[in-house]
**Q** 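One structure, pasted below without further comment.
None of these values were measured; they are calculated from a predicted model. Hydrogens, waters and symmetry mates play no part in the numbers below; they use all other heavy atoms, side chains included. Sequence positions, counted from 1, serve as the residue numbers for this chain.
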Amino acid sequence: MSNLVTLTIVSEAFLLLSFIIIILSTKNPKKNVLWVILFIIGAAPLLYLAIDHVKNDYMDANIGLGLAFMYTWLYSAVAFIIGIILLVKKKRNNNISKEL
(Lines give C-alpha, C1' and ligand atoms only; values in the text may rest on other atoms or scores of the structure.)
Protein backbone atom coordinates (compact mmCIF):
# COMPACT_ATOMS: atom_id res chain seq x y z
CA MET A 1 0.00 0.00 0.00
CA SER A 2 2.92 2.33 0.64
CA ASN A 3 4.01 2.01 -2.98
CA LEU A 4 0.51 2.92 -4.10
CA VAL A 5 0.52 6.15 -2.10
CA THR A 6 4.01 7.09 -3.30
CA LEU A 7 3.21 6.31 -6.93
CA THR A 8 -0.06 8.25 -6.72
CA ILE A 9 1.65 11.31 -5.24
CA VAL A 10 4.42 11.25 -7.84
CA SER A 11 1.94 10.83 -10.71
CA GLU A 12 -0.24 13.68 -9.50
CA ALA A 13 2.82 15.88 -8.89
CA PHE A 14 4.01 15.37 -12.47
CA LEU A 15 0.51 16.22 -13.71
CA LEU A 16 0.48 19.34 -11.54
CA LEU A 17 3.93 20.36 -12.80
CA SER A 18 2.77 19.98 -16.38
CA PHE A 19 -0.23 22.24 -15.80
CA ILE A 20 1.83 24.80 -13.87
CA ILE A 21 4.08 25.09 -16.92
CA ILE A 22 1.01 25.58 -19.13
CA ILE A 23 -0.52 28.20 -16.83
CA LEU A 24 2.75 30.14 -16.58
CA SER A 25 3.10 30.20 -20.36
CA THR A 26 -0.37 31.66 -20.98
CA LYS A 27 -1.22 35.31 -20.48
CA ASN A 28 -5.01 35.10 -20.62
CA PRO A 29 -6.62 34.52 -17.17
CA LYS A 30 -9.77 33.15 -18.79
CA LYS A 31 -7.74 30.35 -20.33
CA ASN A 32 -6.26 29.58 -16.91
CA VAL A 33 -9.72 28.60 -15.69
CA LEU A 34 -9.95 26.16 -18.58
CA TRP A 35 -6.52 24.70 -17.70
CA VAL A 36 -7.56 24.23 -14.06
CA ILE A 37 -10.73 22.41 -15.15
CA LEU A 38 -8.66 20.19 -17.45
CA PHE A 39 -6.26 19.49 -14.56
CA ILE A 40 -9.15 18.36 -12.38
CA ILE A 41 -10.42 16.12 -15.18
CA GLY A 42 -6.98 14.53 -15.40
CA ALA A 43 -6.41 14.15 -11.67
CA ALA A 44 -9.81 13.01 -10.42
CA PRO A 45 -9.93 9.41 -11.74
CA LEU A 46 -6.61 8.40 -10.20
CA LEU A 47 -7.36 10.04 -6.86
CA TYR A 48 -10.80 8.44 -6.67
CA LEU A 49 -9.62 4.94 -7.57
CA ALA A 50 -6.53 5.11 -5.32
CA ILE A 51 -8.64 6.17 -2.33
CA ASP A 52 -11.19 3.47 -3.17
CA HIS A 53 -8.46 0.82 -3.37
CA VAL A 54 -6.98 1.83 -0.01
CA LYS A 55 -10.38 1.88 1.71
CA ASN A 56 -11.69 -1.42 0.34
CA ASP A 57 -8.37 -3.33 0.00
CA TYR A 58 -9.40 -5.61 -2.85
CA MET A 59 -7.96 -9.14 -2.92
CA ASP A 60 -7.86 -9.41 -6.71
CA ALA A 61 -6.12 -7.20 -9.24
CA ASN A 62 -7.71 -3.79 -9.53
CA ILE A 63 -7.64 -3.28 -13.27
CA GLY A 64 -9.44 0.05 -13.00
CA LEU A 65 -6.65 1.41 -10.84
CA GLY A 66 -4.06 0.36 -13.42
CA LEU A 67 -6.06 2.00 -16.17
CA ALA A 68 -6.35 5.16 -14.07
CA PHE A 69 -2.56 5.25 -13.68
CA MET A 70 -2.03 4.79 -17.41
CA TYR A 71 -4.63 7.48 -18.16
CA THR A 72 -2.95 9.91 -15.77
CA TRP A 73 0.52 9.21 -17.15
CA LEU A 74 -0.62 9.67 -20.73
CA TYR A 75 -2.56 12.81 -19.78
CA SER A 76 0.53 14.14 -17.97
CA ALA A 77 2.80 13.45 -20.94
CA VAL A 78 0.43 15.22 -23.35
CA ALA A 79 0.06 18.17 -20.95
CA PHE A 80 3.84 18.36 -20.52
CA ILE A 81 4.41 18.41 -24.28
CA ILE A 82 1.75 21.11 -24.70
CA GLY A 83 3.34 23.11 -21.87
CA ILE A 84 6.79 22.92 -23.44
CA ILE A 85 5.41 23.96 -26.84
CA LEU A 86 3.59 26.94 -25.31
CA LEU A 87 6.66 27.93 -23.31
CA VAL A 88 8.90 27.82 -26.40
CA LYS A 89 6.32 29.79 -28.39
CA LYS A 90 6.11 32.42 -25.64
CA LYS A 91 9.89 32.70 -25.44
CA ARG A 92 10.14 32.99 -29.22
CA ASN A 93 7.48 35.74 -29.29
CA ASN A 94 9.32 37.66 -26.57
CA ASN A 95 12.60 37.44 -28.50
CA ILE A 96 10.93 38.64 -31.71
CA SER A 97 9.31 41.61 -29.94
CA LYS A 98 12.66 42.60 -28.37
CA GLU A 99 14.36 42.62 -31.77
CA LEU A 100 11.80 45.02 -33.21
**Q** According to a 4.5 Å side-chain heavy-atom criterion applied to Ile, Leu, Val, Met, Phe, Trp and Tyr, with indirect links allowed, do L34 and I82 form part of one hydrophobic cluster?
**A** yes
**Q** Let me check something: do V78 and I40 share a hydrophobic cluster, defined by ILVMFWY side-chain heavy atoms less than 4.5 Å apart, either directly or through other members?
**A** yes
**Q** Evaluate the side-chain proximity of Y71 to L46: yes if any heavy-atom separation is below 4.5 Å, no if none is.
**A** no
**Q** To the nearest 0.5 Å, what is the distance between OG1 (T72) and CG (L67)?
**A** 10.5 Å
**Q** In this structure, which one of T6, V5, L7 forms a side-chain contact (heavy atoms from CB on, under 4.5 Å) with I9?
**A** V5
**Q** Enumerate the side-chain hydrogen bond (donor to acceptor under 3.5 Å, both in side chains) contacts for residues 75-90, please, sequence neighbours excluded, ordered by first and then second residue.
**A** none
**Q** Which word best sums up how the rings of F19 and F39 line up, parallel for under 30°, tilted for 30 to 60°, or perpendicular for over 60°?
**A** perpendicular
**Q** Could you state whether L15 and I37 fall into the same hydrophobic cluster, counting links through intermediate Ile, Leu, Val, Met, Phe, Trp or Tyr residues with side-chain heavy atoms under 4.5 angstrom apart?
**A** yes
**Q** Is any side-chain heavy atom of L4 less than 4.5 Å from a side-chain heavy atom of F69?
**A** yes
**Q** Atom OG1 in T8, atom CG in L47: separation rounded to 0.5 Å?
**A** 7.5 Å
**Q** In Å, rounded to the nearest 0.5 Å, how long is the span from CD1 of I22 to CZ of F80?
**A** 10.0 Å
**Q** Measure across S25 and G83 and return the closest heavy-atom pair with its distance rounded to 0.1 Å.
**A** OG-O, 4.3 Å
**Q** Apply side-chain contact (heavy atoms from CB on, under 4.5 Å) to K91 and list each qualifying residue two or more places apart in sequence or on a separate chain.
**A** N95
**Q** Are side-chain heavy atoms of V36 and I23 found at a separation under 4.5 Å?
**A** yes
**Q** Working to the nearest 0.5 angstrom, can you tell me the gap between I21 CD1 and I85 CD1?
**A** 12.0 Å
**Q** Same hydrophobic cluster for L17 and V10, using side-chain heavy-atom links shorter than 4.5 Å among ILVMFWY?
**A** no
**Q** Under a single-linkage definition using a 4.5 Å side-chain heavy-atom cutoff for Ile, Leu, Val, Met, Phe, Trp and Tyr, are L86 and L24 assigned to the same hydrophobic cluster?
**A** yes
**Q** Once ring-ring contact (aromatic ring centres under 6.0 Å, His included) is applied, do any residues pair with Y48, and if so which ones, sequence neighbours excluded?
**A** none
**Q** How long is the span from the NZ atom in K27 to the CG atom in N93, to the nearest 0.5 Å?
**A** 7.0 Å
**Q** So, taking the atom named CG in N56 and the one named CD1 in I51, what distance separates them when rounded to the nearest 0.5 Å?
**A** 11.5 Å
**Q** Can you name the closest pair of heavy atoms from L49 and A68 and give their distance?
**A** CD1-CB, 3.5 Å
